[in-house]
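One structure is given here, and the rest of the page talks about it.
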Amino acid sequence: MNLPKTEWLSPAAALCSALLLLLWMLRYIRVMKPRRGTLEWIRRADRGSFPPFSLQPLRAKGWIVLAASLLLGLGKAMLNTEFVFEGQTLAIAVTVGQSLVCALLLLLLFGAPVPAFCGTLLITAAGSPSLLLLLIALLLLLSLSCRDLLRQLGLLIPALFLLFLFVGCGFPSLVLMVSYFVLHLLCAGLREPRPKPGVLVSLLLLMVVTAAVFAVSSVLYRPFGTTMAEAILTEGKRLIEWKPAWLPHTSLPALLTALLIPVLLLQARLLRNTGWLFAALAALFGLQMALCGHPELSCLGGITALTATFAGADRRGGRIWALVTTALLTVCIFIF
């Protein structure tokens with residue numbers, strides 16, 4: 001859907017988005033502030049360790065959100081095709097699938113139905129990452145939640161093949177894999193207060209498997225007449241080559257991440273919430289993707305972090321504010 005635009009409309013939408021996010025952050029900090037004398041206020045003074053990372057179960061309201069995300073994706077597909085359905089079956093199915101996987105990712109991370117729908121709406125409005133990227137993110141998330149190394153590898157290997165074969169071996173792929181290894185160490189450290197030597201062995205094995213998948217994918221797509229060593233070397237150079245880029249349409253996700261990182265880290269530290277810690281790292285990852293000129297992953301990281309704040313404030317009187325912020329941001333995104 002093409003909206004009429006003037007020269008001042010896009011900057012005005014960006015400025016309005018910044019103001020909305022600032023107001024939401026102020027409201028979020030106020031909502032999350034515990035009252036003196038309550039159990040939560042006392043618990044802050046007696047801080048324990050972070051709980052191990054685990055995915056949230058899908059409950060009845062979560063399934064309703066998944067059904068609503070199908071309708072949301074269908075609506076976005078209708079706008080994209082301008083209500084012309086003939087010959088657009090695949091495009092519609094992909095758009096619907098994008099919204100569905102977005103909702104599933106946010107539900108598994110935070111377990112809050114209304115915030116998950118808000119995040120899905122924002123990601124869908126901003127132009128969802130491709131279904132392939134979302135499936136890769138889902139496989140990596142499921143892999144991180146596994147305590148058994150064989151199951152973790154069983155999810156990681158197909159994610160790597162999808163990443164290297166169909167997405168590419170550029171610098172964003174390297175950032176994604178480094179982030180995965182960092183999160184793996186974080187998950188292992190949360191499960192084991194005193195990490196055993198096996199943690200480092202498992203990390204080394206994951207890195208070896210990643211290198212092997214990268215080598216195989218490089219050889220499969222090597223140009224005719226190129227040796228295997230030359231193909232791996234060429235793709236390896238592409239993997240570590242960073243060309244700073246700042247595309248105009250990445251500024252909104254970058255703004256999201258810049259505002260949310262310190263807030264989420266502070267709340268994660270005060271309340272010992274592992275989900276917020278992951279969301280802060282997702283925001284940092286999204287900011288790096290903006291610097292790489294990768295708007296899709298930048299958008300996913302930034303809005304995932306924003307959804308974390310919605311989830312935190314959902315049962316503390318901040319739901320209405322989150323819904324209003326989502327609605328206004330959605331309008332700004334369409335204009336932007």
Side-chain angles (χ1 to χ4, degrees), residues 53 101-102 105 109 123 126-144 152 155-188 203-204 206-218 221 232-247 249-262 264-265 277-308:
F53 172 70
V101 178
C102 282
L105 279 169
L109 271 175
I123 293 175
S128 298
S130 68
L131 184 57
L132 183 61
L133 280 174
L134 289 170
L135 289 174
I136 291 171
L138 180 60
L139 287 173
L140 293 177
L141 182 65
L142 293 174
S143 176
L144 286 171
Q152 187 174 7
L155 292 165
L156 176 63
I157 291 174
L160 291 174
F161 271 113
L162 290 174
L163 178 66
F164 292 137
L165 285 177
F166 301 107
V167 177
C169 298
F171 188 75
S173 297
L174 177 63
V175 174
L176 182 61
M177 292 318 305
V178 170
S179 302
Y180 177 84
F181 295 140
V182 171
L183 290 174
H184 169 75
L185 282 177
L186 175 62
C187 291
L203 177 63
L204 180 61
L206 290 174
M207 296 177 69
V208 169
V209 169
T210 301
V213 173
F214 172 76
V216 171
S217 61
S218 300
Y221 272 130
I232 295 172
L233 183 60
T234 300
E235 294 301 316
K237 289 180 179 179
R238 288 182 53 203
L239 193 66
I240 63 176
E241 185 179 9
W242 177 41
K243 295 180 180 179
W246 189 263
L247 303 177
H249 51 290
T250 65
S251 57
L252 181 58
L255 181 61
L256 287 170
T257 57
L259 288 173
L260 293 169
I261 291 171
L264 285 169
L265 286 177
L277 189 60
F278 264 63
L281 293 173
L284 186 61
F285 169 71
L287 183 59
Q288 177 61 53
M289 288 297 104
L291 297 175
C292 293
H294 202 303
E296 289 185 293
L297 289 176
S298 175
C299 174
L300 181 62
I303 296 179
T304 297
L306 181 61
T307 305

- Message: side chain to side chain contact (heavy atoms under 4.5 Å, CB included), that's the test. Do Leu139 and Leu156 meet it? Break it down for me.
- Response: CA-CA 7 Å; Leu139 287 173; Leu156 176 63; over 6 Å; no
- Task: Indicate yes or no for a side-chain donor-acceptor contact from Ser143 to the backbone of Gln152 under 3.5 Å, with no hydrogens or angles considered.
- Result: yes
- Taking side chain as C-beta onward, heavy atoms only, is Ile123 less than 4.5 Å from Pro129? yes
- Message: Quick one, Leu186 and Leu183 - any side-chain contact, counting heavy atoms below 4.5 Å?
- Response: yes
- Task: Check step by step if side chain to side chain contact (heavy atoms under 4.5 Å, CB included) holds for Leu160 and Leu165.
- Result: CA-CA 8 Å; Leu160 291 174; Leu165 285 177; over 6 Å; no
- List the steps and the verdict of side chain to side chain contact (heavy atoms under 4.5 Å, CB included) for Phe285 and Leu176. CA-CA 8 Å; Phe285 169 71; Leu176 182 61; 3.6 Å; yes
- Starting from the C-alpha separation in whole Å, work towards a yes-or-no answer on side chain to side chain contact (heavy atoms under 4.5 Å, CB included) for Leu134 and Leu138. CA-CA 6 Å; Leu134 289 170; Leu138 180 60; over 6 Å; no
- Query: Taking the inter-plane angle between the rings of Phe278 and Phe53 on a 0 to 90° scale, is it parallel (under 30°), tilted (30 to 60°) or perpendicular (over 60°)?
  - Reply: parallel
- Message: Do Phe171 and Leu239 have side chains that approach each other closer than 4.5 Å (heavy atoms only, starting at C-beta)?
- Response: no
- Nearest heavy-atom pair of Leu206 and Tyr180: which atoms, and what distance? CD1-CE2, 4.3 Å
- Message: What I'd like to find out is whether the side chain of Leu144 reaches to under 4.5 Å of the side chain of Leu140, using heavy atoms alone.
- Response: no
- Report the C-alpha separation of Glu235 and Arg238 in whole Å, then their side-chain angles, then the decisive distance to 0.1 Å, and conclude whether the salt bridge (charged side-chain N to carboxylate O under 4.0 Å, His left out) test is met. CA-CA 5 Å; Glu235 294 301 316; Arg238 288 182 53 203; 2.9 Å; yes
- List the atom of Ala283, the atom of Ala305, and the distance in Å for their closest heavy-atom pair. CB-CB, 3.6 Å
- Query: Do Thr210 and Phe181 touch side chain to side chain, with heavy atoms closer than 4.5 Å?
  - Reply: yes
